[in-house]
Amino acid sequence: MLFSRALIPTVKEAPSDANNVSHTLLVRGGYIRRVGAGMYDFLPLGLRVLKKVEGIVREEMDRAGALEILMPALLPADYFKESGRWDRFGDTLFRVTDRKGADLHLGPTHEEIVTDIARREIRSYRDMPRNLYQIQTKFRDEPRPRGGLLRGREFMMKDAYSFDATEEGAKKSYDDMRAAYMRTFDRMGLTYRLVAADSGAMGGSTSAEFQILADSGEDAIVACDSCEYAANVEVATVKAPPAAASGAAPAALTKVHTPKAKTIEEITAFLKLPASQMLKSLLYVAKDQVVMAVVRGDHDVNEIRLARALGVDEVFLASDADVTKATGADVGFAGPVGFKGRLLVDRAAAAVENAATGANASDHHYTGVSRGRDYEGEVVDIRLATTGDLCPACDKGKLKSYRGIEGGHIFILGTHYSAQMGATYLDEAQQKKPIVMGCYGIGVSRLVATAIEQHHDENGIMWPMSLAPYHVHIVTVGQDEAVIGAAKSLYHGLWSDGVEVLWDDRDERPGVKFKDADLLGIPLRVTIGAKSLAGGHVELKPRSERDPKKAELVPVGEATERVARMVHEALAPAPRASRTSVLPG
RNA sequence: CGGGGCGUAGCGCAGCCUGGUAGCGCACCUGGUUCGGGACCAGGGAGUCGGAGGUUCAAAUCCUCUCGCCCCGACCA
């Protein structure tokens, strides 16, 4: 592609609504443009990258034996009504009404639709296993779209669904998908962790997320530094600390005046105590009931675990008014001592002796608080795992925290949908049984942004070869005839070797071209200028090399072959040894 | 949905408080000089000031309503 004929509208200034690197660089590089909240145009370059992601996903799905189909994005409400999700999906579902007044919606995911295919077409155990997938635009009316391509209201997703006769079969399908996903993410050059995850509202059992590591990620995960345990903090457990009695002499319960010391930081500074000697008391609303959750001052409450401990679907942090009502004090002075109401105490918090905590009276705290004597409560595991915690899976490891972006999610659904929707088959014994399903998603358009989150520097994007819109970026300096001639020959030579080339043939100053080249992030740059060409050379520099002086001089005659070889080597499947994933047990 | 903020030229913003001729940078067009890391000079085109209503001699500016968007919290590929 000639730059002079392309539509690559680069801009110097970051868009005002961008708040992360990938969004900024995608817009600045002329890859995408925003159309509305969570809706984007893919300009030519952006579409090329999207298709690269799609292509890798498709190849690996096909390799794993999955069968590509395409279901409608516009769907009648019947299916979701049948499964109950028409109501349960809530506001996230984009609902539309047709001219006859019938309820329709735009598909956010397709379990019901694909289950309908299964119940009509799969009748025998001999028809399984099968795995059907599609790569399709999905619609979700997100409460808050953000991060450009990271969370849109319309986005591209690959969703696959497996159908098996037995649980064991489903497990095999699941394992196959896991392997296919690892290959997929490996080929995209992404660093990720495979983590245990909350199976959420989908009603699954076994489930894992592919978390692409990025500081800007929305998800917090922990991984063991010694074994292969890794989990979303939502579900991560921690080993209970050894119940070693501190031997400290029990202190008397003392009420101290702590004016305006509301946060843990303020109180620890005021009382000169480590946060681990503090008890943090938070009030939650669970089904109209206000409960108190107590964790150590240096820990955080895991709301999912708390909800589970309470036997409810979800909990919400109580409003300031509710806190005051329940404790009789301003927010910041709640504590377990004398609290009238359901009290849940984390294991680590319960073990703290002579603790300091709110006194349920404004501007006052207690010190010398110990469980058993000063308060009781139910001891449960309700805290978020964090760096330094003991690994629950092995003896010696400690957990370390990471941020991640969910790039894929695999799980076994079991017979949830099939039983509900009557997707059954006959087994060898003529018994009618529900099909055992699994489902597997990859956020295709999200991965475009995710790759940038992992591969960029202050000057722009640094695409992995497998995702780059073009493999090679030729920059010609000046309009000298010899330069143009050499560029033409290289350009055509590379294309006929299967290398995708962008040639910046514009009549621009070199600085402009170099800046744009860095911004676009095409992995290999070949600069052709009169000076080096007079010596019979062109200059080759990978985007990852920041120092322009380190460009390699390559004899013109060898350039085509040399560059083509580099591209093809970079595209070859990565050896297994270079994998960066961690497998949970 | 709760809290905060923003809608002014294609993009990024100032002007609003204290009403009176709509401005700056980038981008774009013309001419010239430049030409290996986002050049310079001169000239030029381009805006229903998000929308509706109101106050006023006069509204980008004040008031009311409305739409859209962004950011911080509860959801997810």
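Every value quoted in this text rests on a predicted model; they were computed, and no experiment measured them. Proteins come first, then strands; the chains are lettered A, B, ... in the order of their sequence lines, and each starts at number 1.
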Quick one: A:N232 CG to B:rC76 C1', roughly how many Å, whole number?
11 Å
Report the base-pairing partner of B:rA39 (Watson-Crick or G-U wobble, both distances below 3.5 angstrom), or none.
B:rU33
Write down the distance separating the C1' atoms in B:rC17 and B:rA60, rounded off to the nearest Å.
14 Å
If you draw the axis of the six-membered ring of A:F155, does the NZ or CZ of A:R446 fall within 45° of it and under 6.0 Å from the ring centre?
no
Can you check the A:F185 CZ to B:rA77 P distance for me, whole Å?
12 Å
N/O donor-acceptor pair under 3.5 Å between A:S445 side chain and A:M156 backbone:
yes
Nearest-Å distance once atom C1' is located in both B:rC65 and B:rC29
42 Å
Taking any heavy-atom pair under 4.0 Å as a contact, classify A:G407: base, sugar-phosphate, or nothing.
sugar-phosphate
I'd like the P distance from B:rG20 over to B:rC63, given in whole Å.
15 Å
What about A:D91: does its side chain form a donor-acceptor pair under 3.5 Å with the base of B:rC1?
no
Round to a whole Å and report the spacing from CG of A:D219 to P of B:rA77.
10 Å
Counterpart base for B:rA60, defined by Watson-Crick or G-U wobble contacts under 3.5 Å
none
Just by distance, with hydrogens left out, do A:H456 and A:E453 show a side-chain donor and acceptor under 3.5 Å apart?
no
According to the interplanar angle, ranging from 0 to 90°, do the rings of A:H23 and A:Y40 count as parallel (below 30°), tilted (30 to 60°) or perpendicular (above 60°)?
perpendicular
Nucleotide opposite B:rG7 in a Watson-Crick or G-U pair, distances under 3.5 Å
B:rC67
I need a per-nucleotide contact map over nucleotides 23-38 of chain B, read 5' to 3'. Cutoff is protein heavy atoms under 4.0 Å; write B for the base, S for backbone only, - otherwise.
--BSS------BSBBB
In whole Å, what separates the P atom of B:rG44 from that of B:rG68?
41 Å
Nucleotide paired to B:rG45 in any strand shown, Watson-Crick or G-U, under 3.5 Å
none
Base-pairing mate for B:rA74 - Watson-Crick or G-U, with both contacts under 3.5 Å:
none
Under a 3.5 Å cut-off for both distances, is B:rU55 Watson-Crick or wobble paired, and to whom?
none
Check: A:E545 side chain, A:D547 main-chain N or O, donor-acceptor pair, under 3.5 Å:
yes
What do you reckon, is NZ of A:K81 surrounded by more than 12 foreign heavy atoms closer than 6.0 Å?
yes
Protein-proximity profile, nucleotides 67-75 of chain B, B/S/- by nucleotide at the 4.0 Å heavy-atom cutoff, equals --SSSBBBB
B:rU48 and B:rC35: how far apart are their C1' atoms, nearest whole angstrom?
43 Å
Quantified in whole Å, what is the C1' atom distance between nucleotide B:rG3 and nucleotide B:rA46?
39 Å
Tell me which nucleotide, if any, is Watson-Crick or G-U wobble paired with B:rC13 when both distances must be under 3.5 Å.
B:rG23
What integer number of Å spans the P atoms of B:rG50 and B:rA14?
13 Å
Are there more than 12 heavy atoms of other residues, nucleotides or ligands under 6.0 Å from atom CG of A:D91?
no
Neighbour count above 12 (heavy atom, 6.0 Å) for A:D215 CG:
no
Residues which pass side-chain contact (heavy atoms from CB on, under 4.5 Å) with A:H105, listed by chain and number, not counting sequence neighbours:
A:L75, A:F80, A:W86, A:L93, A:P108
Six-ring centre of A:F139, A:R153 cation under 6.0 angstrom, axis tolerance 45°
no
Inter-nucleotide P distance (B:rC24, B:rA9), Å rounded
14 Å
